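Written out below as structure tokens is the structure these notes cover.
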Amino acid sequence: MNFSQKLYSSAGVVFPAFGTIAVLASSGLIDPYLAYVATSWIIFGLLGLSLDIVWGRGGLLSLGQTAFYGLGGYFGSVIAINMAPVTGNTLIWSLPAGAAFGALSAAALGYIIFYARMGSLQSTILSYTFTLLLLVLTQTFRLDVGDAVIGGDNGMSNIPGFVLGFGSAAEALTPNSAFATVVVIAAVLYFFTRWLMRSTFGRIVNCVRIDSQKTELLGYDVRKYQLLNFAYAGAIAGIAGAMFGAWSNYLNPSVFSVSEAISVPIFVLVGGLGTLAGPFLGALIIGGLSFWLGGGSVGGQTTLILGLILVLLVMYLQNGMLGGLTLVWKKFLPDSNEAARLAGAVQIDTDVLEGILKDAADHAGPAKDVSSTNLFKQFGGVIPVNKISRHFTTGRPYSIIGPNGAGKSSFLKTCVGIYKPEGGKVQLGDEDITRSQIFDRVKKGLGVKNQKPQVYGELTVLENLWVAAFSRTRNDADALVICNKILGMLGFEKQSGVEASALSHGQQQWLDIGMVLCLAPRVVFLDEPAAGMTNEETRELSLLVRTLAKHTTVVVVEHDMEFVRTLEGHVTVLHQGKVFAEGDIQTVRANERVLDIYLGRREHV
Amino acid sequence: MELDYLATVLLSSLASASILLIATIGLAVVFGLMGVINLAHGEFLMIGAYAALTTTKLGIPYILSIPVAVLITMAIGAVVEILVIRRLYGRIFDTMLATWGISMAFLQLAVLIFGTVTPGIGMPQYNFQIGDYSLAGYPILMIGVAALMMAFVYFLMTKTVYGMKARASIQEPEMARAIGIQSARVNTMTFAIGCGLAGFAGAVLLPIVPATPSMGSVFVIKAFLTVVVAGPVTLTGSALAAIGLGGGASVTASFLTSVAGDAFFFLITATLLWLYPLGISAKWRWKM
Amino acid sequence: MFKIKNATGGYGKTVIIRNVTLEVKAGEIVALLGRNGVGKSTVMRYATGLIPAMEGSVEIDGQPAPDASAKRAQMGLGYVPQGRYVFPRMTVTENIAVAAASNGHDHKAAVAEAMKNFPLLVSKANDLAGGLSGGQQQVLALARALAIQPKILLLDEPTEGVQPSIIDEIAGILKRINKERGISILVAEQDLDFCLSIAERAYVMEKGSIRLETDRDSLRNDKALQQELLGV
């Protein structure tokens, strides 16, 4: 790695650290009025960070961040007003109180959004409605809490400023020192957030954004991660709100206003979505622009210019300042995906595979049977799964075949939990899992590979495998050991740092299969695994499936009769949602009625 | 409670629901037929109002100023579609943000051109008498205007070739192209019509809602929520949502406070979104 | 009359079809055979311009086809997609009328003609297309494609999910329009009987490429070939 590459990979630490130091060094020298105004930019940057966590990392454009900001501000300030006379220091009260209230209100809203599994547009609108509801309600909300007077649209005044000292003699900081304090707090929160987003938690939040269904199929309770992430962002917004209260010494319902709500996505977009540092840059640029253009926050042509900037950004610079810079910089770095083209053909070494499978059996227990009883699924007038009863066990692979529209994939999806059946039941081992959540089934030993390769395109090959392995081990080091074994088996050692999106279709299929193996499943469902593979790859796949079936229960949905023949297992023919024929492949191939449904001949059907 | 009071409340609530519906229809057309949420809709309403106001000031009768407002907003709408919206199809959040930017720019331009305060044209004087209560006639007239607008849009979308093309383009975009529909042109037309309807709303509501640069934002939020609650059967869904939400809010406001009315609006919206994530009309089998 | 030359295409970066070349002569019915996932639908979508060409070109009636799907339709390319994709919230009449009107034909006449050709649709004329059964939707999709007055008609799995009586009816209609109006037809199918009953010539696809070209008789008589090609 050369200097540029090293700097690139740690840019998120180096530049913000330099920035913080530079700002702190100059904080004592600048004009107090500028310091006062600039403090608000940092606070807005922090508010932007909270949206970036939810939107850039979590994938939900929330227009509710100003709601958590306002609520945190109000609550933190109420506590600070009452407690400041006791301790002097205001921040030890307002910041934790703001964080707690912001997190709680975000968790309440997030619970509705994520646990009702709302669509993205509805989630955005609901978060916006929440903000608007607060805007309306706070207009007339009057309440005295000790010394604090919440006065409806008159707002709440007498909020103490930034006081660091303790005791009744402690004085509020000068604008310059308050600025420095806010910068330090923001920097601490930024670096903590960056660490969190690179930790296992943050990595899984990333995965949920990229492909939420796949993440659930890897055994993660995605809603829990989404909710936690949302609540964490709510806490950040709450802290920002509490600092805003201390900065302006006054809060009124306009914090919930429409223009506040939209300014946050603008900060994020200007700086760069998902960059974490971007929102600060965005708030600085927008704030600075307004400062020089219009003298202060509003006035002049600021709105006009902001509006045009937003339009141009959305159209031409979607990645924002930092995102755009990153792309340019990346062009000058060696292509890390170069290795994708050098990958050789996959060769399954049965000894290695057996080793992995035995190892998995030691950790995850023996293979489990899976069975369906009178399983029934209906879409309007179509019944793709019509009372199918099957029992699958270990020893040899089970294939499910049938012409187009026979209900093969639907049967598989109903067993896995992607479709909820209207009748019948599904059992895994001795347990009835008919009503279990998908991630729960996976934890109990179900492994699924869907028809299309589901890989996280922006993550590297190794990271893809790690997410799967970590789901089982819950331990970083153990997960890496498993990943390396699977990498070796797939012949991907040299490609471990390649982004999955750079792999060919066939390679992605193998990576997906590798991810399923990392889970050490006790039952494996494969939906058309041979689709899009070359003849050589199909041969290797057949070997893998046969070896797999010796150790676990394997069910393959397949169209390719030739591939099914090489599996030498049990075959079930589905037709119009029902079991049409079964037996080994020779029996099925000799069955005239099966030929009829395949060829569309109508004599027997 | 007296019957005449109740009738007054109901009638004026229906009138305010109609006003909401008038302000919403254009947005509903654009969302329902293009899948675009136009957050600058309120500013088109404002442009329509100023166009009508300026035209009347030039001595042209108010009634003739309305078509002028429609033409001006349609033209601006077509330009916005060609310059911005067209490049963002399929990116619903990006179009939302871009139209938000356009709305900010238009708002500020209006401030620059017209200043923040402008005189209204005054409400045509006509009052109703129901029992002991007197009602202004013009808002009641809006019930009829809303019904006419609905009928017009329904006719346009179901009986004309353009309407069929527009509906085909949103229902199955690929097949629409495959059978020879030039969806880009259809979309420009749809967006222009949506903006024209906003301009019509601004002009026709001018006697009730005086022209100010920020008048659009008063409507756009509620109009926007109404459309999202309505779902895929745009026109009927929006009418029902406007009457339920707008009318309900207005009834609540007349018995309690205006804040309670707004709170009612937002709370019911949130509840409906929770219960019907794809809109209340997601399972209806109607054309529009 | 209709040619696809060296077609290479797919979705995003994924190549699904490679170097596919085929031709349908004037007044001919040609089948495109192959089992699920070999790329038949992708060839069809390539031909209609719904997926961009990575390489290769399409020729309609001796003219190079423009990129835009709508322009190809106006040149006389009719398309019945797999899964039918009728406009669900439009009536049967509107589905047909919009197709005719978009290509400059009189839509009332087009609807009248369709009702004559497809008596099945008459009683459903004012029903929303989304409420029709699969077979009825298939017939409607065919009627819609014919309303643009095509010179070449592409059909993608017209028998999928359709009951046998309607399959026979569709086969009859196709043969008739081919004979009476001289419309060339390219049909992608897995249903061998259906193809054998209408097509004189067939291309067989495997793994995204044309593997061979054959005629009706050799396909009908060669059981081994049938089994191998269709994966039975």
Side-chain angles (χ1 to χ4, degrees), chain A residues 55 59-61 63 109 112-113 115-141 152-153 253 257-259 261-263 265-266 268-269 273 298-316 318 380, chain B residues 31 35 37 39-40 42-43 80 83-85 87-88 91-112 213-214 217 220-222 224-225 227-229 231 257-279:
Chain A
W55 188 22
L60 162 67
L61 170 52
L63 296 175
L109 182 64
I112 295 176
I113 289 178
Y115 278 71
R117 295 190 191 254
M118 278 189 161
S120 54
L121 177 65
Q122 284 71 28
S123 310
T124 301
I125 305 300
L126 188 69
S127 63
Y128 188 37
T129 314
F130 180 67
T131 312
L132 294 171
L133 189 61
L134 283 172
L135 172 65
V136 170
L137 291 179
T138 46
Q139 303 282 348
T140 52
F141 184 78
D153 50 6
S257 70
V258 175
S259 55
I262 185 55
S263 62
I266 299 183
V268 175
L269 280 178
L273 182 62
V298 200
Q301 275 42 279
T302 320
T303 329
L304 181 61
I305 290 166
L306 277 187
L308 293 178
I309 287 179
L310 183 57
V311 176
L312 293 175
L313 271 175
V314 169
M315 287 174 67
Y316 298 108
Q318 271 208 297
Chain B
F31 181 58
I37 286 190
L39 288 180
E43 277 59 42
V80 166
L83 290 182
V84 181
I85 313 290
R87 296 152 201 263
L88 301 173
R91 290 156 52 184
I92 187 163
F93 292 106
D94 285 342
T95 34
M96 252 173 78
L97 292 169
T99 51
W100 208 327
I102 293 169
S103 113
M104 289 163 73
F106 280 179
L107 175 73
Q108 188 66 25
L109 279 176
V111 172
L112 291 177
S214 61
S217 56
V220 74
I221 296 161
K222 286 186 178 175
F224 165 59
L225 296 179
V227 166
V228 174
V229 166
T257 62
S258 69
V259 170
D262 283 345
F264 170 90
F265 192 104
F266 294 128
L267 268 179
I268 299 296
T269 301
T271 316
L272 287 174
L273 277 174
W274 193 9
L275 296 177
Y276 301 94
L278 299 174

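It should be emphasised that the depicted structure is a prediction, and the values quoted were computed from it without experimental measurement. By convention in this document, chain letters (A, B, ...) are assigned in the order of the sequence lines, proteins followed by strands, and residues within each chain are numbered from 1.
- The ring-ring contact (aromatic ring centres under 6.0 Å, His included) test applied to Tyr115(A) returns Tyr111(A), not counting sequence neighbours.
- Evaluation of the side chain to side chain donor-acceptor pair (under 3.5 Å) rule for Asp262(B) yields Lys222(B) as partners, not counting sequence neighbours.
- By the neighbour-count criterion of 12 heavy atoms within 6.0 Å, atom OH of Tyr276(B) is sparsely surrounded, having that number or fewer from other residues, nucleotides or ligands.
- Put simply, of Leu313(A), Leu269(A), Ile112(A), Leu312(A), the one with the most heavy-atom pairs under 4.5 Å next to chain B is Ile112(A).
- Going from atom CG of Leu225(B) over to atom CG of Leu126(A) covers 10.0 Å, rounded to the nearest 0.5 Å.
- Per-residue counts of heavy-atom pairs under 4.5 Å with chain B were compared for Leu135(A), Leu121(A), Ile113(A), Ile309(A); the largest is that of Leu121(A).
- Proximity to chain A involves both the backbone and the side chain of Leu273(B), based on heavy atoms less than 4.5 angstrom apart.
- Of the two parts of Leu109(A), neither the backbone nor the side chain holds a non-hydrogen atom closer than 4.5 Å to a non-hydrogen atom of chain B.
- Summarising the geometry of Met96(B) relative to Leu63(A), their closest heavy-atom pair is CE-CD1, 4.4 Å, with the distance given to 0.1 Å.
- Contact of Leu39(B) with chain A is not made at all, since no heavy-atom distance falls under 4.5 Å.
- Here the closest heavy-atom approach between residue Leu310(A) and residue Leu97(B) is recorded as CD2-O, 3.1 Å.
- Among Thr129(A), Val258(A), Thr140(A), the residue making the largest number of heavy-atom pairs under 4.5 Å with chain B is Thr129(A).
- Ranked by heavy-atom pairs under 4.5 Å with chain B, the list Val136(A), Leu133(A), Ile262(A), Val311(A) is led by Ile262(A).
- Looking at every heavy atom in both residues, Trp274(B) comes nearest to Ala116(A) through NE1-CB, 3.3 Å.
- Atom CH2 of Trp100(B) and atom CD1 of Ile266(A) lie 8.5 Å apart (nearest 0.5 Å).
- With chain A as partner, the option from Ser103(B), Ala105(B), Ser258(B) having the largest number of non-hydrogen pairs under 4.5 angstrom is Ala105(B).
- Contacts between Leu88(B) and chain A at a heavy-atom distance below 4.5 Å involve the side chain alone, from C-beta outward.
- A pairwise comparison of heavy atoms in Met315(A) and Leu83(B) identifies CE-O, 3.2 Å as the closest pair.
- Both the backbone and the side chain of Val84(B) come within contact range of chain A, with heavy atoms under 4.5 Å apart.
- Shown here for Gln122(A) and Leu278(B), the closest heavy-atom pair between the two residues is NE2-CA, 4.0 Å.
- Contact of Phe265(B) with chain A is not made at all, since no heavy-atom distance falls under 4.5 Å.
- Heavy atoms closer than 4.5 Å to chain B are found in the side chain of Leu61(A), but not in its backbone.
- Using a 4.5 Å cut-off on side-chain heavy atoms (C-beta onward), Ser120(A) and Phe93(B) make contact.
- With a 4.5 Å cut-off on non-hydrogen atoms, Leu275(B) does not touch chain A at all.
- Interface summary for chain B: among Leu137(A), Thr124(A), Leu308(A), the most heavy-atom pairs under 4.5 angstrom belong to Thr124(A).
- Contact annotation for Tyr128(A): only side-chain heavy atoms (C-beta onward) come within less than 4.5 Å of a heavy atom of chain B.
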